[in-house]
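Below is one structure, written out as structure tokens, with a few remarks after it.
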Amino acid sequence: MNQGERRLQHQARLEQINRMQRVTGTGDSARVDHEGTAIERARMLDEEMCAHEATERGLAAFERLLQLAELPESPHARAAAELLAAVWRDEPLSLRRLRGLELGLGDDMVAVIDAFRHARLSLADQVEGGGIRLARVLRVWQVHQT
């Protein structure tokens with residue numbers, strides 16, 4: 001799925017949220033709760049916007065981290081590979097990995113973690129070459145296989 005397709009999916013979710021109505025009561029006494037609908041729509045819209053933005057930021061950061069991990073001469077390539085492996089394989093990662101890194105690198109790692117939290121898709125599958133590139137990087141760095 002490319003960025004345009006993700007944007008279309010995001011727009012479809014926004015339209016679905018805008019059509020949502022909260023109904024209270026049952027049977028003949030059911031009615032649309034306009035205030036509850038407005039509040040629930042606002043909550044859902046905020047959640048959708050946050051998820052979409054976090055996903056796009058995280059995917060850009062994922063690509064940068066993958067490029068870094070593909071450069072074995074970089075001093076932080078192993079840390080990038082370990083984070084990407086944890087996200088791809090849904091494994092635990094020590095938070096100590098985020099310490100002592102260059103500011104941009106640490107920000108990218110946090111962006112990937114945030115995208116992992118919000119995304120409704122596999123991050124690795126969304127970058128060019130995805131799983132194949134990632135598997136190659138993890139073999140080079142000998143990051144633990146599960």
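Position 1 is the first residue of the sequence, and the numbers go up from there.
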By side chain to side chain contact (heavy atoms under 4.5 Å, CB included), Ala124 pairs with (sequence neighbours left out) Phe62, Trp88, Ser122, Leu134
Practice prompt. Quick one: do Leu84 and Val137 satisfy side chain to side chain contact (heavy atoms under 4.5 Å, CB included)? Show the steps, please.
Written response: CA-CA 10 Å; Leu84 296 174; Val137 162; 5.7 Å; no
- Query: Between Arg117 and Asp114, is there a side-chain N and carboxylate O pair less than 4.0 Å apart?
  - Reply: yes
Requested in this report: Flag the pair Glu40 and Arg22 as a salt bridge only when some basic side-chain nitrogen lies within less than 4.0 angstrom of an acidic carboxylate oxygen.
Outcome: no
Heavy-atom nearest pair, Ala86 first then Pro92, reads CB-O, 4.2 Å
Per side-chain contact (heavy atoms from CB on, under 4.5 Å), Gln9 is matched among Gln11, Glu5, Arg13, Arg7 by Arg13
CG (Leu59) and CG (Leu66) are apart, to the nearest 0.5 Å, by 12.0 Å
Nearest heavy-atom approach of Ala115 to Gly58 is CB-CA, 3.5 Å
Expected list for residues 99-106: side-chain donor-acceptor pairs under 3.5 angstrom, two or more places apart:
none

Of Arg43, Arg41, Arg120, the one forming a salt bridge (Lys or Arg N to Asp or Glu O under 4.0 Å) with Glu48 is Arg120
Should Arg31 and Asp33 count as side-chain neighbours, where that means a heavy-atom distance under 4.5 Å? yes
Mind checking whether Leu8 and Leu14 sit in one hydrophobic cluster, side chains of I, L, V, M, F, W, Y counted as touching below 4.5 Å? no
Here the side-chain hydrogen bond (donor to acceptor under 3.5 Å, both in side chains) pairs for residues 63-76, sequence neighbours left out, are Glu63-Gln67, Glu63-Arg133, Arg64-Asp108, Glu70-Arg133
Do Glu47 and Met44 come close enough that some side-chain heavy atom pair is under 4.5 Å?
no
Worksheet item: Are Ile39 and Ile17 connected, step by step, through hydrophobic side chains (Ile, Leu, Val, Met, Phe, Trp, Tyr) whose heavy atoms are closer than 4.5 Å?
Response: no
If hydrophobic clusters are built from ILVMFWY residues whose side chains come within less than 4.5 Å, do Leu121 and Val87 share one? yes
d(His10 NE2, Glu56 CD) to nearest 0.5 Å is 9.0 Å
In short, His118 meets Ala54 closest at the heavy-atom pair CD2-CB, 3.8 Å
His34 and Gln21, any side-chain heavy atoms less than 4.5 Å apart
no
**Asked** Do the side chains of Gln3 and Arg6 get nearer than 4.5 Å, heavy atoms only?
**Response** yes
When you group the ILVMFWY residues by side-chain heavy-atom contacts below 4.5 Å and let the links chain together, are Leu71 and Val127 in the same group?
no
So CG of Leu83 and CZ of Phe116: to nearest 0.5 Å the spacing works out to 10.0 Å
- Task: Is it possible for you to say whether Leu95 and Met109 belong to one hydrophobic cluster, with membership spreading through side-chain heavy-atom contacts below 4.5 Å?
- Result: yes
- Message: Strictly distance-based, threshold 3.5 Å: is any side-chain N or O of Ser29 a donor or acceptor partner for the main-chain N or O of Gly25?
- Response: no
In this structure, CD of Glu82 is separated from CG of Leu138 (nearest 0.5 Å) by 9.5 Å
